[in-house]
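Since the structure comes first, as structure tokens, the remarks are kept for the end.
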Amino acid sequence: MSLVSLSPFRPRPAGASRGAALAVLSAGTLMIILDGTIVNVALPSIQRDLGFSQSGLAWVVNAYLIAFAGLLLLSGRLGDLFGRRRILIGGLAAFTAASLLCGFADSSGLLIGARFVQGAAGAMVSAVSLGMVIALYPDARGRARAMGVYSFVQSAGGVLGLLAGGVLTQAINWHWIFFVNLPIGSAAALFSLHLLPDDRPAARIPEADRIHKAGQAGRAGQAGQAGRTPKAGSGSVDVPGAVLVTAALMLGVYTIVKTADRGWTSPATAGFAALSVLLLAAFLVRQTTAAQPLMPLRIFRSRIVSGANVVLALMVAGGFGFQFMSSLYLQQVLGYDPLKIGLALAPTGAVIGVMSLALSARLGARFGQRAVLLPSLLLFAGGFLLLARAPSAHATYVADVLPAILVFGVAFGLAMPSLMTLGMSEATPADSGLLSGVFNTAQQIGGALGLAVLAALAAARTDHERAVGHALPAALTSGYHLAFLVAAGLLLFAAALAAVLLRPSAPSSGTGDGNRTEDSGTEDRGTEAVNGLSAPASSQARNQDQGRDRPAAAPTDRTAHV
């Protein structure tokens with residue numbers, strides 16, 4: 001019996017109340033993002049109450065991160081095969097139940113186990129949410145606005161987590177940082193049944209699947225199969241591939257987070273890293289031979305999609321350093337408490353909201369996503385350079401911290417929606433969940449690796465400065481300055497890669513459509529009529545745009561997004 005049959009509601013068809021559906025997806029995403037930061041504020045209280053050792057306390061965070069990053073790809077593919085709404089609702093229910101266990105945890109073992117379940121459930125929600133947003137908004141303008149909302153929720157969740165964690169921990173106790181998930185998760189799961197369309201393979205639009213299948217068969221030289229409609233539920237899980245990629249990602253994240261204890265050059269770090277790489281290589285080999293691969297490698301033939309994921313990983317690697325290092329600077333140099341830190345960083349979320357909700361869609365439609373992304377990455381790097389000048393003595397928030405915070409808000413609020421659009425630019429009815437999982441995996445791996453590297457560099461510089469006789473505030477500030485400079489370098493490198501990898505392709509000849517571009521690995525023309533990115537080229541979008549004065553390079557197809 002399906003989850004839908006158990007619901008008192010009748011799920012609405014696709015296209016009905018898209019705004020409400022987006023709100024539900026955003027609420028679920030907000031809960032996941034908020035939980036990732038709200039715990040950090042409460043760690044000292046958790047350690048005191050449950051008797052954690054310093055090394056054991058790290059597993060309250062690590063257990064979540066390892067499960068989350070390791071299961072994103074698998075969750076995304078399961079959503080494509082069995083229905084993204086099913087995976088979403090299952091993840092919301094599991095996350096809510098695990099939050100209840102975390103709130104009532106009276107031992108370190110129970111809390112760590114429940115946090116692992118939270119991470120796995122969070123992966124289910126995050127892996128399919130972005131793909132469902134893409135499906136809800138096939139038109140370019142609507143999608144650009146939806147990407148703005150989605151990126152705002154992601155960034156706002158981090159800042160809100162700091163604020164909520166400080167308030168709840170100080171006003172009540174740390175248990176409530178988990179209890180707040182109960183009403184959010186329950187409501188999101190309930191409304192998902194009512195507002196989100198049934199997207200199981202059996203419920204997909206037959207013509208959309210038929211066209212997509214025809215294009216795949218044509219490229220493989222199997223024109224005789226082009227007219228077949230895939231059988232509902234015919235997809236199967238590549239179990240060996242799922243085991244290999246999940247083990248590789250979990251082991252990789254475990255290796256990264258343990259570098260804080262073992263160091264980057266220790267035999268254990270090298271051995272686990274090598275094993276993770278071998279597992280990932282075995283997974284890729286498996287995908288070339290499997291009859292129904294977990295991750296069809298054709299999705300990486302698109303230079304735009306592959307490049308967007310690489311740029312995302314670099315941007316997030318630096319961006320994680322902003323929140324983490326700036327929080328430490330405010331706490332250890334300026335003497336802020338957790339609540340004051342949250343308030344100090346709150347302007348970032350406000351500026352991101354203005355940029356992503358009000359300006360990103362308009363600028364992307366007017367100039368193209370690439371034209372918005374490149375200056376945003378440069379501006380992001382400039383924010384780190386501002387922080388790298390913050391003094392260790394007589395520093396003030398308004399003069400030394402706030403300008404960088406505002407710059408970060410502008411940069412992230414414009415860059416993230418553009419990257420989301422580019423990273424999902426090849427989404428089709430058959431693999432939008434997988435592409436969503438790939439996008440989120442790049443984000444998590446980039447963030448974990450970047451944070452580990454920046455924290456290690458900052459700690460090493462601080463130790464060196466202390467060894468030569470500098471006072472603690474000056475030594476700490478010197479370490480943070482180094483981390484900020486390295487983060488700026490990562491953002492500049494990301495901008496250079498974006499300029500090369502995300503450049504527009506030359507117009508194809510003989511298509512009869514001067515606005516179309518030709519991309520390596522792009523989907524067939526028929527699929528473009530039904531997939532997410534190029535729906536503006538559909539007859540409906542064309543009719544809506546007729547009679548408007550617009551430049552030749554107006555955002556009517558892929559050209560607008562690169």
Side-chain angles (χ1 to χ4, degrees), residues 2-4 11 14 18 21-33 35-36 67-96 117-138 143 146-147 149-151 153-154 157 184-185 188-204 233 235 237 242 245-246 249 294-296 299 305 309 420-421 423-424 426-444 531-533:
S2 69
L3 287 171
V4 177
R18 294 192 303 178
L22 177 61
V24 170
L25 291 171
S26 297
T29 300
L30 177 64
M31 179 179 67
I32 304 302
I33 299 297
D35 194 80
F68 187 88
L71 291 169
L72 280 169
L73 277 178
L74 177 59
S75 298
R77 192 55 175 162
L78 290 176
D80 291 332
L81 294 175
F82 304 111
R84 289 179 288 276
R85 189 180 67 169
R86 279 183 168 183
I87 299 299
L88 177 78
I89 294 174
L92 289 170
F95 194 92
T96 304
V117 177
Q118 267 193 319
M124 295 170 66
V125 175
S126 296
V128 298
S129 294
L130 185 55
M132 298 187 79
V133 172
I134 293 296
L136 284 170
Y137 291 87
R143 175 173 300 177
M147 291 297 99
V149 172
Y150 195 82
S151 63
V153 167
Q154 284 194 315
I184 301 174
L190 185 63
F191 283 106
S192 293
L193 286 171
H194 179 48
L195 293 171
L196 299 180
D198 186 357
D199 62 352
R200 291 171 297 168
R204 288 180 187 155
V237 179
V245 73
T246 302
L249 292 174
L294 180 73
M295 184 176 72
I299 66 174
V305 172
N309 279 278
M420 284 184 175
T421 301
M424 296 295 292
E426 297 298 326
T428 71
D431 57 23
S432 63
L434 174 60
L435 279 172
S436 177
V438 169
F439 189 85
N440 281 284
T441 300
Q443 189 173 0
Q444 291 300 314
N531 74 10
L533 178 69

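Below, all heavy atoms of this structure are taken into account, side chains as well, without hydrogens, waters or symmetry copies.
In this structure, the side chains of Q444 and T441 stay at 4.5 Å or more apart for every pair of heavy atoms. In this structure the side chain of Y137 reaches within 4.5 angstrom of the side chain of L22, judged on heavy atoms. The shortest distance between side-chain heavy atoms of I33 and L30 does not fall below 4.5 Å. Annotation: side chain of F95 is not in contact with side chain of V117 (no heavy-atom distance under 4.5 Å).
Here the side chain of R85 pairs a donor or acceptor atom with the backbone of L196 at under 3.5 angstrom. Between the side chain of N440 and the backbone N or O of S126, at least one donor-acceptor pair lies under 3.5 Å.
The heavy-atom pair separating L195 from A21 by the smallest distance is O-CB, 4.1 Å. Here the closest non-hydrogen pair linking A120 and A67 is N-CB, 3.6 Å. Nearest approach of S26 to V149, heavy atoms of both residues: OG-CG1, 3.8 Å. Taking all atoms of both residues into account, the shortest heavy-atom contact from A121 to G91 is CB-O, 3.4 Å. Closest heavy-atom contact between S192 and I89: CB-CG1, 3.8 Å. Closest non-hydrogen pair, A123 versus S75, comes out as O-CB, 3.8 Å.
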**Prompt:** Can you check side chain to side chain contact (heavy atoms under 4.5 Å, CB included) on L72 and F439, steps first, answer last?
**Reply:** CA-CA 9 Å; L72 280 169; F439 189 85; over 6 Å; no

**Message:** Assess the residue pair L25 and V153 against the criterion (side chain to side chain contact (heavy atoms under 4.5 Å, CB included)); give the C-alpha distance rounded to whole Å, side-chain angles, the decisive distance to 0.1 Å, and a yes or no.
**Reply:** CA-CA 10 Å; L25 291 171; V153 167; over 6 Å; no

Please list, one pair per line, the donor and acceptor atoms closer than 3.5 Å that link side chains of residues 128-136 to other protein atoms, with sequence neighbours excluded.
unit_1, atom_1, unit_2, atom_2, d
S129, OG, V125, O, 2.6

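Here the straight-line distance linking atom CE of M124 with atom CG of L92 works out to 9.0 Å at 0.5 Å rounding.
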